[in-house]
Amino acid sequence: MFESARLDAVLRSRLLDTPPEEPFDRLARLARDLTGAPMAFVTVVDERRSFWKSCIGVSVPEGELSENAVEESFCQYVVTSGEPLVLADVREDERTRDNPSILSMGVIAWAGYPVHTPDGQVLGTFCVVDTERRDWTDADVRALEALSQAVSSEIGLRMQLDTARRDAEGARRQIAQAEGHAAESEHVALVLQRSMLSPPPALHDDLEIQVRYLPAVAHAQIGGDWYDAFLQPDGSTVVVVGDVVGHDIRAAAAMGQIRTLVRALAYGRPLTPAQVLSAADDAMDGLHVGSMATVVIAHVQAPDPLDGTRRVQWSSAGHLPPLMSTADGGACVLATTPDLLLGVRPGGVRHDHEELLRPGATLLLLTDGLIEQRDRSMQARLDDLQELFAGLAASPLATMCDSLLESCLPGAPQDDVALLALRVRTRDEDG
Amino acid sequence: MGDVSVFLSEDHTLILMTGDIDLAVVDDLEYAGRDAIDAGLPIVADVRRVTSMDSIGASFLVRMAAALADRGLSTTLLGPAPRVRELLHTIGAQDMLEWRDRNDFTAP
């Protein structure tokens with residue numbers, strides 16, 4: 001009775017001092033009906049009492065407990081031995097003849113089986129009781145054995161359910177905590193990144209700019225792609241799109257450094273785009289930035305006073321070439337052989353290319369996330385994009401960007417996407 | 001699923017790349033690169049059975065080629081592998097790597 005493992009199991013069963021429950025009452029009633037005995041019990045025994053989880057055929061007076069002291073119970077014998085006890089007349093057995101229940105409750109015949117937990121601890125008994133001598137038949141005993149096993153199963157299932165619920169609750173709490181932390185770090189990283197990818201500044205009246213940035217689904221809001229646009233003191237405009245190799249938070253951190261290096265090296269200095277990229281490459285090497293990045297940078301010069309065309313000079317470090325569309329609905333990929341991406345080997349040769357942007361023309365800089373498709377060649381994908389772009393040449397710039405995204409990325413993007421569209425307004429827009 | 005394996009021989013190190021070479025094999029790429037560089041021999045990278053490669057895979061090849069070139073060693077790509085070729089061209093690395101096309105799959 002006092003064995004601590006058993007008592008521990010009794011507590012874990014969470015049956016003590018609980019109200020009667022139908023599944024146990026039903027089994028007790030069945031035992032009563034099958035044996036014909038007037039009383040049936042399901043008991044749980046701790047160190048001082050036998051608590052009656054079910055008591056059929058006994059009416060417990062108001063204010064009294066449905067239990068009896070362990071010394072007065074017959075359960076004690078079953079619990080101690082772990083064996084069933086079947087007595088036709090308890091007065092005849094030397095173990096039980098002096099039990100107070102004989103007088104206090106009128107117990108004469110008693111038959112009970114142990115009820116136990118899945119791991120074998122005896123919790124109490126399943127028993128039937130009569131107030132007169134009863135010669136329990138084999139059938140009675142077999143029925144009692146079977147029903148007691150059903151009670152044990154029921155208890156076992158409940159305890160497992162309890163454990164499962166507690167585990168689930170514990171797991172839920174841990175998940176909530178982890179989610180909280182993750183959400184916080186994500187939030188911090190997002191704030192830092194968004195502070196870098198600010199909306200583009202106002203440019204000259206005749207230039208319109210639209211940018212789009214979509215972080216990849218899998219990267220949880222943080223990416224290695226970026227865009228940049230700023231005015232030079234000499235009145236020209238610089239636009240940049242870049243893509244750091246890698247998708248983790250280090251890539252995002254490197255992105256910040258590289259973006260800043262490029263703009264700092266470009267601003268207010270008479271360097272061509274290729275020269276800016278070479279300088280950035282040298283700086284990345286000397287400053288041990290440690291990441292690689294593809295970048296395309298374009299300098300858009302002041303407009304020609306006569307016809308409003310703007311000369312564009314650009315250079316690519318391992319990045320997709322820009323596309324250009326014209327007001328009449330034409331489009332082309334400004335295809336040239338790219339120079340080496342940044343961060344591998346500084347000092348390589350870099351090339352500047354030139355193009356002319358007429359009023360109504362749009363220059364499109366993008367990262368490969370926009371046209372990412374496993375099974376098609378880069379060339380095929382660029383051809384498709386060119387066609388799409390041509391069809392949108394006359395659309396308002398914001399519509400063009402949104403349509404490009406919608407058409408190219410029907411689902412969520414697998415890789416980060418950065419898009420920058422620069423349009424020279426037509427003469428009548430510009431007024 | 002992709003795979004990156006390194007085979008050391010007397011006069012060169014073979015890196016065999018198969019399947020999808022992307023973020024999932026980035027650690028394998030790092031180990032392979034280090035092993036190959038430590039071996040101190042020219043590298044042959046067999047990319048004929050690469051089904052897809054992203055910028056991570058391509059930049060690995062480029063970085064490895066640069067590291068070896070600094071040590072006076074060559075990096076050769078074993079093809080044909082049109083997608084890999086195109087990707088390396090896109091990142092401007094076409095001059096950093098030599099290609100050798102070989103259609104039988106016995107050891108090079």
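Proteins come first, then strands; the chains are lettered A, B, ... in the order of their sequence lines, and each starts at number 1. In what follows, every heavy atom counts, from backbone to side chain, and hydrogens, waters and symmetry copies are set aside.
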Given that the side chain runs from C-beta out, which part of [X] has a heavy atom under 4.5 Å from chain B: side chain, backbone, both or neither?
X	result
A:Glu372	neither
A:Arg350	neither
A:Met292	side chain

### Task
Using a strict cut-off of less than 4.0 Å between a Lys/Arg side-chain nitrogen and an Asp/Glu carboxylate oxygen, indicate whether A:Asp285 and A:Arg345 qualify as a salt bridge.
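Salt bridge between A:Asp285 and A:Arg345, a charged N being under 4.0 Å from a carboxylate O: no.
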### Task
Would you indicate whether the side-chain heavy atoms of A:Asp243 and A:Asp416 approach each other to under 4.5 Å?
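Answer no - side chains too far apart.
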### Query
Is A:Val262 close to A:Ile297 at the side-chain level, that is, under 4.5 Å between some pair of heavy atoms?
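A side-chain contact exists here, since the closest heavy-atom pair is under 4.5 Å.
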### Query
Taking every heavy-atom pair that is under 4.5 Å apart, which of A:Thr294, A:Leu340, A:Val344 has the most such pairs with chain B?
A:Leu340
### Task
Find the one option among B:Arg63, B:Met53, B:His89, B:Arg83 whose heavy-atom pairs under 4.5 Å with chain A are most numerous.
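Looking at each of B:Arg63, B:Met53, B:His89, B:Arg83 in turn, B:Arg83 comes out on top.
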#### Entry: Selection from B:Asp54, B:Asp20, B:Leu87 maximising heavy-atom pairs under 4.5 Å formed with chain A
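Maximum pair count with chain A is reached by B:Asp20.
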### Toward chain A, the part of B:Thr90 with a non-hydrogen atom under 4.5 Å
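Both parts, backbone and side chain.
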### Query
Is the count of non-hydrogen atoms from other residues, nucleotides or ligands lying under 6.0 Å from A:Phe230 atom CZ greater than 12?
yes
## Note on the structure
With A:Arg263 as partner, the option from A:Ile258, A:Val276, A:Asp228 fulfilling side-chain contact (heavy atoms from CB on, under 4.5 Å) is A:Asp228
### Query
Side-chain donor-acceptor pair under 3.5 Å between A:Thr367 and A:Asp225, yes or no?
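Yes, a side-chain donor-acceptor pair sits under 3.5 Å.
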